[in-house]
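All remarks here apply to the structure that follows.
Protein chains get the first letters and strands the later ones, always in sequence-line order, with residue 1 at the start of each. Computed from heavy atoms alone, side chains included, the values below leave out hydrogens, waters and symmetry copies.
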Number of protein chains: 2
Amino acid sequence: MKKCVNNLASLQFILQVLGGKWKLHILSILYFGKKRFKELEREIDGISAKMLIKELKDLEAAGIVNRQTINTVPITVEYSLTTDGLTMKPLLEQMNEWAVKFQQTTSKKSAGY
Amino acid sequence: MKKCVNNLASLQFILQVLGGKWKLHILSILYFGKKRFKELEREIDGISAKMLIKELKDLEAAGIVNRQTINTVPITVEYSLTTDGLTMKPLLEQMNEWAVKFQQTTSKKSAGY
DNA sequence: CAGGATCCTCTCCGATACTG
DNA sequence: CAGTATCGGAGAGGATCCTG
């Protein structure tokens, strides 16, 4: 009586959560643990502070990323994956794996033979 | 001597391939087999012909989708997953699974308790 | 039926300057 | 350091008309 998979209707939802130029990049870093805002900014090459803030807000609103403010003198904010966010680690791994393989096969082909 | 996963650098690549409003939706249909252009258009609610064409072209260029022209009187074109495209079926399944679960947990929380 | 061309709108995203 | 506000360009994406 379970539906098995007769459609992949929820796939759209993935894009709403992970869509945007930087979200996967951010997650691929938080994947390895808690990071401060500035660390993220440094590790994500090319991102502007504005976009980092925005994407982090989106991820926070989605319940994937945790925001923790620490009241130091120059304020410190740390971001990490929530419990829900952690559930997508295997998914991130598999996505990355697929991407690696796919890039290899396509580069072989375009190499001519 | 293998790298294990010490970074998820290829994740960016996923977005280049699957980014765009409709690509996952298209793939979630081609997942189940070959489809004609018009069938896709009908099954993807809200998509415009222009976007369907564009997204299909992108997917074709990426080597994920196959385009086959059949010389009937009103021309028929069929789209299907390539060999490379088929390799992402497990990925699509896992993405969908995660999305389903994630939507459940978040809807529970927003239900108040 | 499948797809091209054109026009138009809206959102994404970068750059910059400013606040606690 | 972390975040907000504003401006502006580029591209995504929609609607419509046209063609083989």
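Here the nucleotide nearest the side chain of B/Lys50, chosen from C/dC1, C/dC13, C/dC7, is C/dC7. Across C/dC1, D/dC1, C/dA2, the shortest atom-to-atom separation from the side chain of B/Val77 is found for C/dA2. Looking at the side chain of A/Thr76, the nearest of the listed nucleotides D/dG14, D/dA2, C/dG4 is D/dA2.
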Mind listing the side-chain donor-acceptor pairs of residues 71-83 of chain B below 3.5 Å, one per line with the distance, residues two or more places apart or on another chain?
unit_1	atom_1	unit_2	atom_2	d
B/Thr72	OG1	B/Pro74	O	2.6
B/Thr72	OG1	B/Thr76	N	3.3
B/Thr72	OG1	B/Thr76	OG1	2.8
B/Thr82	OG1	B/Gly63	O	2.6
B/Thr82	OG1	B/Ile64	O	3.1
B/Thr82	OG1	B/Asp84	N	3.3
B/Thr82	OG1	B/Gly85	N	2.9

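The separation between A/Gln16 atom CD and C/dC12 atom P is 12 Å, rounded to whole Å. As a whole-Å value, the separation of A/Lys54 NZ from C/dC12 C1' is 6 Å. Here D/dA2 presents its C1' atom at 13 Å from CD of A/Glu78, a figure rounded to the nearest Å. In this structure, A/Met51 atom CE and D/dT6 atom C1' are separated by 16 Å, rounded to whole Å. The separation between B/Leu40 atom CG and C/dC1 atom P is 13 Å, rounded to whole Å. Going from atom CD1 of B/Ile53 over to atom P of D/dC17 covers 17 Å, rounded to whole Å. In this structure, A/Leu15 places its CG atom 15 Å from P of D/dA12, rounding to the nearest Å. For the pair B/Ile75 CD1 and C/dC1 P, the computed distance is 13 Å after rounding to whole Å.
Under 4.0 angstrom from either OP1 or OP2 of D/dT4 there lies at least one side-chain N or O belonging to A/Lys57. B/Lys21 has no side-chain polar atom (N or O) that falls below the 4.0 Å cut-off from OP1 or OP2 of C/dT11.
In this structure, A/Gln16 contributes its side chain and A/Phe13 its backbone to no donor-acceptor pair below 3.5 Å. Distance alone, capped at 3.5 Å, places no donor-acceptor pair between the B/Glu43 side chain and the B/Leu40 backbone.
Between A/Lys23 and B/Arg36, the residue anchored nearer the 5' end of DNA chain C, judged by the nucleotide with its closest heavy atom, is B/Arg36.
Salt bridge status for A/Glu60 with A/Lys57: absent, with no side-chain N to carboxylate O gap under 4.0 Å.
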Please test B/Val17 against B/Met88 for side chain to side chain contact (heavy atoms under 4.5 Å, CB included), starting from the C-alpha separation and ending with a verdict.
CA-CA 12 Å; B/Val17 176; B/Met88 65 183 306; 5.8 Å; no
